Amino acid sequence: MDRYDPQTIEAKWQRIWEESRAFEVPNPEPGAPRNERKNYVLEMLPYPSGRLHIGHVLVYTLGDVLAHFYRRSGSEVLRPMGYDSFGLPAENAAIKAGEHPRDIVERNIEAIRRTMKRLGWAIDWSREFSTHDPEYYRWTQWLFLKLFEAGHAYRKAALVNWCPNDQTVLANEQVKDGRCERCGFEVEARKLDQWFFRTTAYADHLLDEMKELDWPERVLAMQRNWIGRSEGAEILFRVDELDLDIPVFTTRADTLFGATFFVLAPEHPLVDRLAERSPNGDEIRAYVRKVGARPVEQRAAGTDKTGVFTGFFATNPVDDAKMPIWIADYVLMDYGTGAIMAVPAHDERDGEFAKRFDLPIKLVIDEDGKLVESAQFSGMSHEEAVRAIVEWLGSRGRGRTAVSYRLRDWGFSRQRYWGCPIPIVYCDECGIVSVPEEDLPVLLPEIEDYKPKGIPPLAQAEDWVRVACPRCGKEGSREVETMDTFVDSSWYFLRYCDPLNDRAPYDREIADYWMPVDHYTGGVDHATVHMIYARYFVKALNDLDLLGHREPFQRFFGNGWVTQGGAKISKRVGGAATPDELVETYGADPTRLSILFIGPADQDMEWTPSGVEGIQRFLRRLWRVVVEVAELPRGSAPGAGALARKTHQTIARVSDDLGRRQQFNTPIAAVMELVNELVKAPDDPAAPFAAETAVSLIQPYAPHIAEELWERLGHERLWLQPWPEADPTMLEEDTFQLVVQVNGKVRDRLEVPADLPEDELVARAKASPKVQAHLNGGEIRQTIVVPRKLVNLVIG
RNA sequence: GCCGAAGUGGCGGAACUGGUAGACGCGCCGGACUCAAAAUCCGGUGGGGGAAACCUCGUGUGGGUUCGAGUCCCACCUUCGGCACCA
């Protein structure tokens, strides 16, 4: 008998799958009815700034298991793959290596593809693309133009992180403790005109439409936090000297009588006017200039509060008290209205500020949470008072209920080279002009030096920048900023539906057929940014009538982190085993099984080689026993013995775990149990059935060995075989172990026929000598019978 | 501070709707095969007591509901994750 040799059989079956294009799936014919059996299985696409690591093996194997399971269960499965190949990490790696980012990225893609094929993942390779392909980003640009023309994309001045030493804009991730990650210089804030998508316009849609999603609660909670909807009121405060009203957002209208001063954000539009008319205008201007140079992220909590008095007063609408107006950087311009009423007694930050500048503190809520010193509202609870005060203000035209969000508009300009060019021309006459559709793609130009230095690198490509205005024909200049890579990944799942389309990003009918993604898998670290943006994109496209769906990802599975030696694996950690090394050492099937066997895939896990060794033992056992069974003469029907029942039970368990429970470790244990039983009884009439079933059930996890053994059992193309179905009548044993409890404690276990009536169960329970000993002749007050489980005798 | 998830043997983890706690695997112990080793196979393996039958304790802590709680309820502790000068 030959031994299990993973390398040989894996190469064999990978060649067969490739030659037969086993996992390609055709698109529907035009006009085809919607297929209820379609199933779009997708995992987040890899970022090719490096090679694959064990974390990828987990995600893509998990997707693979589902794809095989759903396909064999009768679904038409779409499972594509691509590469998120634009972006900063690739560009930084390129700068470091002195190479072109394209060369680095394409070399990595080659290596990643090879690794993916060695792991035997069942991917439809005919749909593969990279986001840096002009044929892809052409359509990224096209979609941008649609959004721009519909008013979803706009330009406004916004602060960026600026490193004065490197003369460049830094992404937030490149700023550590207020300093440039590379050179250590203190980061400054600079105001730049930049591109934004109006994600805030979708805040309520993003929130409300989450209800339809089949996502883990923790991920939904993350998105809710990120959107940060809070309900409160907008209240107008009068400034008599300036003859104007300043609106304020508050969730604590009940504390209005405790407001003792008023604060504006340094960027508030009224600040200039106040400075102009104020005796200490110079001081105000100096303060605003000073704090304005600090990035908003650096105005951190915990540091001493700073501020400046303007000399003006606002009037409290409830009691006409005069409140001094201050300017302080603890108030943020981009939340609420950029102005607050300060209630030092009941707000920690206002309290700190009041102590620092010796401002009055007025208590308006007592220990019982009731209002005091609040005129006719005194004695009310928090909820009552909020409602009553806002109503009172409303009747005088001084306030109304309002909602505020933490979510910001998505700033997607990047002052970098390696990204999708923004198809816009600036013209002195016409302003901001779209590049006409027929001129797409706007190709990323080749430039000498793409290192960042003060101006965006694309500005160096002068011939490229100078271009005739598409509208008036006079000389204009191209947009030199590029798009955030999250734009690329906000619609890639649509392109997979129709990746070769050269007339549109996708055919609407085809996208509507495959979408939404039925099963999305990826790291929870992308649960907010990427998955909020993708949801926003799909909703916006839906509103533009470019798509028939409003959500991209119906079901989401957030996989855990894989650690090795305690370190989180994101890049290649020294000493960590790579997927290629694992495949060479153990084989693809053992690697795939062991990563999913460690534990629940949605929790963090530690990868250790000892796990693979256990899996290898299991696969060798499987191999031996199946080959042994295959060589025996084919006997009679499986019958209804213990092994046949165990086999049906295993089918039911594995199917339920994969389909309903989304549990990926326990099916492996279930098949191991079955194989253990089979090893004990290879001569059982049900042995061939058990062997075939074990092979069939393990196929999604270990497709190579499964295919090889399937062939040896005299069949072919297991990957096309229907998923096994359990016979419900075979799931129950004809006897069961009756648990007998006395006062809830297990005292005996009796093997009894399954069809025994209840009174007989009780009779047998009482007859047990062990039970007798514990009954002690006492009177039985209550008898509980759980059919097919237990009898509990309660004595006094 | 607000929101969310999780605490079970030496280890990773099972136990789905309240009903035999510890499936499966790792490790460890003992045995078989072997000149020996590897591989493989068989048996054992939560703590305490007992020669044994068996008894007893046991799922982060303290209460509660229930005939019965790892599972439900209340309070607390710890760990991890998200948000956070967000008014």
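Proteins come first, then strands; the chains are lettered A, B, ... in the order of their sequence lines, and each starts at number 1. Remember, it's a predicted structure, so these values are computed and weren't measured experimentally.
- Looking at heavy-atom distances under 4.0 Å, A/Arg406 makes contact with a base.
- A centroid separation of 6.0 Å or more is found between the aromatic rings of A/Phe557 and A/Tyr520.
- The aromatic ring centroids of A/Phe261 and A/Phe357 lie 6.0 Å or more from each other.
- Counting any heavy atom pair closer than 4.0 Å across all strands shown, A/Arg781 reaches no nucleic acid atom.
- The ring of A/Phe309 has its center no closer than 6.0 angstrom to the ring center of A/Tyr287.
- Side-chain atoms of A/Tyr701 and A/Asp589 include no donor-acceptor pair closer than 3.5 Å.
- Listed by residue number, the members of residues 662-674 of chain A with any heavy atom below 4.0 angstrom from RNA chain B are A/Gln663, A/Asn665, A/Thr666, A/Ala669, A/Met672, A/Glu673.
- Taking atom P on both B/rU78 and B/rC24, the two are 37 Å apart, rounded to the nearest angstrom.
- The separation of B/rU20 from B/rG31, taken at their C1' atoms, amounts to 30 Å, rounded to a whole angstrom.
- Contacts of A/Thr783 with the nucleic acid, taken as non-hydrogen atoms under 4.0 Å apart, are absent.
- Comparing the P positions of B/rC57 and B/rG68 gives a spacing of 15 Å, expressed to the nearest Å.
- Checking the phosphate oxygens (OP1, OP2) of B/rG27, a side-chain nitrogen or oxygen of A/Arg617 falls inside 4.0 Å.
- The residue A/Glu613 sits apart from the nucleic acid: no heavy atom pair falls under 4.0 Å.
- Looking at heavy-atom distances under 4.0 Å, A/Pro216 makes no contact with the nucleic acid at all.
- Contact annotation: A/His774 side-chain N/O to B/rC55 OP1/OP2 distance is under 4.0 Å.
- Spacing of P atoms, B/rU61 relative to B/rG7, comes out at 13 Å, to the nearest Å.
- Nucleotides B/rG13 and B/rC83 place their P atoms 25 Å apart, quoted to the nearest Å.
- Across the strands present, B/rC80 finds its partner in B/rG4; the criterion is a Watson-Crick or G-U wobble pair with both atom distances under 3.5 angstrom.
- Residue A/Gly228 is classed as having no contact, given no heavy-atom separation below 4.0 Å to the nucleic acid.
- Within the 4.0 angstrom heavy-atom criterion, only backbone atoms of the sugar-phosphate kind lie near A/Arg747; the bases stay farther away.
- Within 4.0 Å of A/Asp657, counting heavy atoms only, lies no atom of the nucleic acid at all.
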